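A quick write-up on the structure given underneath.
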Amino acid sequence: MSGTDFDEIAALWQESGQDDRAALDALAARARRQAKLLGYADVAMGVLLATGMVLGVLMEPAPTTGVIALLLITATLWVNWKRRGLRQMTLTLESSDRESFFRIATRTANANLRRLLLSMYLVPAFMLLAILFRLSIRNGGRLDRPFQLLAEWAVSLRGMAIIAVVFIVIALQLRARRRVKAELRRLQALALSYRDEDQRDRAGSAGSEVFPEISPS
Amino acid sequence: MTSEASKEQIFAEVRSACTGLISRIALSYEANETLRRELVQDIFLAIWVAIPAYRAEAPLKAFVASIAQKRAISHMIRCAREPKAVGLPDDLVSPAVPPDEAAMRNDLKQRVVNCIQKLPIPQREAIVLSFEGFTNSEIGQVLGITTNAASLRCQRAKETLRSIMERRR
């Protein structure tokens with residue numbers, strides 16, 4: 001293939017990917033709306049937490065309170081997840097070269113892995129503490145036969161529902177952890193591929209320094 | 001610090017001048033149309049987020065290409081799928097071109113895209129920027145390498161592309 005052939009390939013490339021302009025504009029508009037909404041994420045977090053605290057103080061325990069609390073917790077977790085995603089994306093965008101990009105991406109992936117592992121232990125531990133606390137309140141502040149009380153609670157409808165939810169949460173985190181580990185492996189393979197290219201670039205530059213008259217065009 | 005008004009202005013400029021560039025960079029990493037559109041939206045989101053860091057004296061195209069490449073690489077790492085050969089839509093070629101020529105040209109374009117998607121990512125980045133009209137100096141700036149390294153990488157990418165296209169003939 002000659003230089004002209006590559007000019008032709010470049011022309012063919014330029015014609016490719018000409019998706020519907022209106023569709024691309026719509027994607028850009030949607031991204032801008034999403035970004036603007038995420039810009040208010042910090043404020044949203046504050047509002048959610050404040051609302052939760054106020055409701056916790058003012059409202060009596062009731063099914064409605066439970067539903068509202070669940071909605072607030074879900075919203076808080078979602079907003080927090082989005083904020084973290086945005087923060088992690090910003091870090092990689094700030095990298096000046098591929099080496100720092102991979103360093104940041106690897107650090108982020110490792111942090112996500114640690115966070116998932118921690119929550120896999122913390123979620124069941126926290127649930128257990130909360131259940132024991134509630135059981136002790138029901139028993140006048142005493143917890144004489146904790147295992148028996150726990151067993152009785154576990155076979156109740158509410159107990160089984162909560163245990164099922166905890167198992168689902170752990171299963172999802174295990175799956176997420178497997179996914180992040182796979183991402184780390186791909187990151188490492190890609191980083192190696194870039195290092196190989198850098199070495200070839202350096203070898204090529206050294207060659208052109210030794211034989212300057214044969215410098216690549 | 002970029003004001004909200006100038007952020008909107010820069011984003012509008014990106015939308016008018018760089019949409020094709022973004023779309024083609026996404027195409028070089030993702031053949032699946034649905035996922036490619038998600039990637040394009042992700043790139044636009046990243047550009048919006050990164051605009052405060054944009055220096056007006058730097059070319060906007062280079063800024064956009066740098067972000068698009070990074071988001072595309074992140075997408076590849078997350079999705080871990082080798083691009084499968086997917087047909088390009090038939091309406092890419094001008095209706096003024098005779099149907100048989102249009103079919104041949106569309107077939108060639110498909111081959112070019114599929115072969116570029118098979119390149120190792122470091123070489124893919126360089127050759128896509130080269131085909132987009134970036135100079136070696138600009139390619140070096142986008143990829144964070146020297147101009148000489150960019151030139152060498154583009155050459156190697158062309159060699160690899162040549163051998164892939166000849167194998168798929």
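Given the structure is predicted, the values throughout are model-derived calculations rather than measurements. A, B, ... follow the sequence lines: proteins, then strands. Residue 1 opens every chain.
Contact count against chain A (heavy-atom pairs under 4.5 Å) is highest for Ile73(B) among Ile67(B), Ile73(B), Val14(B). Considering only heavy-atom pairs separated by less than 4.5 Å from chain B, the leading option among Arg33(A), Glu94(A), Met89(A) is Met89(A).
Taken from CD1 in Ile9(A) to CZ in Arg162(B), the straight-line distance is 9.0 Å, to the nearest 0.5 Å. Atom CD of Gln14(A) is separated from atom CG of Leu21(B) by 9.0 Å, given to the nearest 0.5 angstrom. Note that the CG atom of Leu27(A) and the CG atom of Asp42(B) stand 11.0 Å from one another [nearest 0.5 Å]. In this structure, Gln41(B) CD and Leu24(A) CG are separated by 11.0 Å, a value rounded to the nearest 0.5 Å. Distance check, rounded to the nearest 0.5 Å: CD of Glu99(A) to CD1 of Ile145(B) gives 13.0 Å. To the nearest 0.5 Å, atoms CZ (Arg202(A)) and CG (Asn148(B)) are separated by 12.5 Å.
Contacts of residues 174-184 of chain A with chain B at a heavy-atom distance below 4.5 Å involve Glu183(A), listed in sequence order. Contacts between residues 193-200 of chain A and chain B, defined by a heavy-atom separation under 4.5 Å, are made by Ser193(A), Tyr194(A), Glu197(A), Asp198(A), Arg200(A).
For Val128(B), the parts lying under 4.5 angstrom from a heavy atom of chain A are both the backbone and the side chain. Contacts between Ala189(A) and chain B at a heavy-atom distance below 4.5 Å are absent for every atom of the residue. For Ala105(A), no part sits under 4.5 Å from any heavy atom of chain B, backbone or side chain. The contact between Glu125(B) and chain A is made entirely by side chain atoms (from C-beta outward), counting heavy-atom distances below 4.5 Å.
A donor-acceptor contact closer than 3.5 angstrom is absent between the side chains of Trp48(B) and Gln34(A).
Minimum heavy-atom separation, Phe131(B) to Phe6(A): CE2-O, 4.0 Å. Summarising the geometry of Ala23(A) relative to Arg37(B), their closest heavy-atom pair is CB-NH1, 3.5 Å, with the distance given to 0.1 Å. Asp97(A) approaches Gly144(B) most closely through the heavy-atom pair CB-O, 3.6 Å. Among all heavy-atom pairs drawn from Leu93(A) and Arg71(B), the shortest one is CD2-CD, 3.9 Å.
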**OP:** Assess whether side-chain contact (heavy atoms from CB on, under 4.5 Å) is satisfied between Arg105(B) and Leu12(A), documenting all intermediate values.
**Re:** CA-CA 8 Å; Arg105(B) 194 154 181 87; Leu12(A) 286 166; 3.6 Å; yes

**OP:** Check the pair Val112(B), Ser16(A) against side-chain contact (heavy atoms from CB on, under 4.5 Å), reporting the backbone distance first and the verdict last.
**Re:** CA-CA 9 Å; Val112(B) 163; Ser16(A) 308; 5.5 Å; no

**OP:** Evaluate side-chain contact (heavy atoms from CB on, under 4.5 Å) for Phe101(A) paired with Ser74(B), printing each intermediate quantity in order.
**Re:** CA-CA 10 Å; Phe101(A) 172 87; Ser74(B) 297; 3.5 Å; yes

**OP:** Take Ile121(B) and Leu190(A) through the side-chain contact (heavy atoms from CB on, under 4.5 Å) test and state the conclusion after the steps.
**Re:** CA-CA 8 Å; Ile121(B) 291 179; Leu190(A) 206 45; 3.7 Å; yes

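Contact check for Arg78(B) versus Arg186(A): no side-chain heavy atoms found under the 4.5 Å cut-off.
Side chain of Lys70(B) to main chain of Ser95(A): a donor-acceptor pair is present (N/O by atom type, distance under 3.5 Å, no hydrogens or angles).
Within a 6.0 Å sphere centred on CG of Leu122(A), heavy atoms belonging to other residues, nucleotides or ligands number more than 12. No more than 12 heavy-atom neighbours from other residues, nucleotides or ligands sit within 6.0 angstrom of CE on Met104(B).
By the 4.0 Å N-to-carboxylate-O rule, Glu8(B) lies close enough to Lys36(A) to be salt-bridged with it. Using a cutoff of 4.0 Å between basic side-chain nitrogens and carboxylate oxygens, Arg156(B) and Asp201(A) are scored as salt-bridged.
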